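Because the structure is a prediction, the values reported are computed rather than measured.
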Amino acid sequence: MAFRLERVEKIIERELATILANEVKNAKLKFVSITKVQVTKDLSIATVWFTVLGKDTEIEATSKDLIDARGYLRSELAHRLDLRKTPELKFKYDESLAYGNKISKILEELKK
């Protein structure tokens with residue numbers, strides 16, 4: 001079962017990235033990178049972590065746009081996935097890149 005979950009997560013990650021890059025009309029969403037997808041065991045909810053370059057206000061606006069586009073993205077996924085039920089999408093901003101950049105800056109400052 002774990003192998004199937006991982007496979008479904010990777011497929012959702014790949015397909016969402018393709019949909020966002022090529023088919024979404026909102027220009028802001030074309031710059032979103034999907035970093036990770038985690039699906040519940042019953043495949044009812046998919047938590048999607050994303051990153052986008054920009055300030056906090058741009059990240060907040062992009063997050064809102066993703067939530068607004070959730071229905072469209074889910075219906076597009078339903079056409080592409082061979083699942084009985086397409087998972088509900090929940091979006092979370094992935095702070096790991098920002099955290100890594102902050103650590104790198106601190107280390108650079110310490111070298112000086």
Side-chain angles (χ1 to χ4, degrees):
M1 183 71 171
F3 176 73
R4 179 170 187 247
L5 283 177
E6 289 176 21
R7 196 173 74 217
V8 169
E9 289 169 351
K10 288 296 177 191
I11 292 170
I12 291 173
E13 183 178 333
R14 183 183 69 228
E15 292 299 329
L16 271 178
T18 302
I19 293 167
L20 288 171
N22 301 326
E23 298 175 24
V24 173
K25 291 182 174 100
N26 186 333
K28 282 190 265 181
L29 295 182
K30 293 191 182 293
F31 300 106
V32 171
S33 296
I34 304 298
T35 57
K36 182 181 176 183
V37 174
Q38 188 173 14
V39 180
T40 57
K41 288 183 182 182
D42 62 355
L43 299 175
S44 63
I45 299 172
T47 304
V48 180
W49 279 270
F50 70 94
T51 60
V52 65
L53 294 177
K55 298 182 171 104
D56 288 342
T57 55
E58 293 163 331
I59 292 167
E60 186 90 17
T62 302
S63 180
K64 184 182 179 315
D65 289 344
L66 279 171
I67 291 169
D68 292 344
R70 187 172 30 197
Y72 170 76
L73 295 172
R74 187 175 180 199
S75 68
E76 282 297 313
L77 276 177
H79 295 299
R80 297 164 187 239
L81 300 177
D82 190 23
L83 295 175
R84 187 175 300 152
K85 182 181 178 220
T86 305
E88 177 186 334
L89 300 175
K90 293 191 175 190
F91 293 97
K92 292 188 177 183
Y93 180 69
D94 188 353
E95 297 178 1
S96 62
L97 281 174
Y99 184 73
N101 288 339
K102 182 178 176 182
I103 297 294
S104 293
K105 284 181 183 178
I106 291 171
L107 290 174
E108 287 297 319
E109 290 295 318
L110 290 175
K111 284 182 181 179
K112 294 177 182 177

Rounded to the nearest 0.5 Å, what separation is found between the OG1 atom of Thr18 and the CZ atom of Arg80?
6.5 Å
Give a yes or no on this: more than 12 heavy atoms of other residues, nucleotides or ligands lie within 6.0 Å of atom CG of Leu53.
no
Report yes or no: does Glu9 contribute a side-chain atom to a donor-acceptor pair with the main-chain N or O of Val39 at less than 3.5 Å?
yes
Thr35 side-chain N/O to Trp49 backbone N/O, donor-acceptor pair under 3.5 Å
yes
Between atom CZ of Phe31 and atom OG1 of Thr51, what is the distance when rounded to the nearest 0.5 Å?
13.0 Å
Is any side-chain heavy atom of Lys10 closer than 4.5 Å to a side-chain heavy atom of Glu13?
yes
Return the CZ to CG distance between Phe50 and Leu20, rounded to the nearest 0.5 Å.
10.0 Å
Is there a side-chain contact between Val52 and Glu58, using heavy atoms and a 4.5 Å cut-off?
no
Distance in Å, Ile34 CD1 paired with Phe91 CZ, rounded so as to fall on 0.5 Å steps
6.0 Å
Partner set under side chain to side chain contact (heavy atoms under 4.5 Å, CB included) for Leu83, not counting sequence neighbours
Arg4, Val8, Leu43, Leu81, Pro87
Contact check, side chains of Glu60 and Tyr93, non-hydrogen atoms, under 4.5 Å
no
Is there a donor-acceptor pair closer than 3.5 Å between any side-chain N or O of Glu6 and the backbone N or O of Phe3?
no
Sorted by chain and residue number, the side chain to side chain contact (heavy atoms under 4.5 Å, CB included) partners of Arg14 (sequence neighbours excluded) come out as Ile11
Are Val24 and Leu73 close enough that some pair of their side-chain heavy atoms sits under 4.5 Å apart?
yes
Going from CZ on Arg70 to CG on Leu77, what distance comes out if it is rounded to the nearest 0.5 angstrom?
13.0 Å
Heavy-atom neighbours of Asp56 CG exceed 12 at 6.0 Å
no
Between atom CG of Asp65 and atom CG of Asn26, what is the distance when rounded to the nearest 0.5 Å?
4.5 Å
Residues passing the side chain to side chain contact (heavy atoms under 4.5 Å, CB included) test with Lys85, sequence neighbours excluded, are Ser44, Arg74
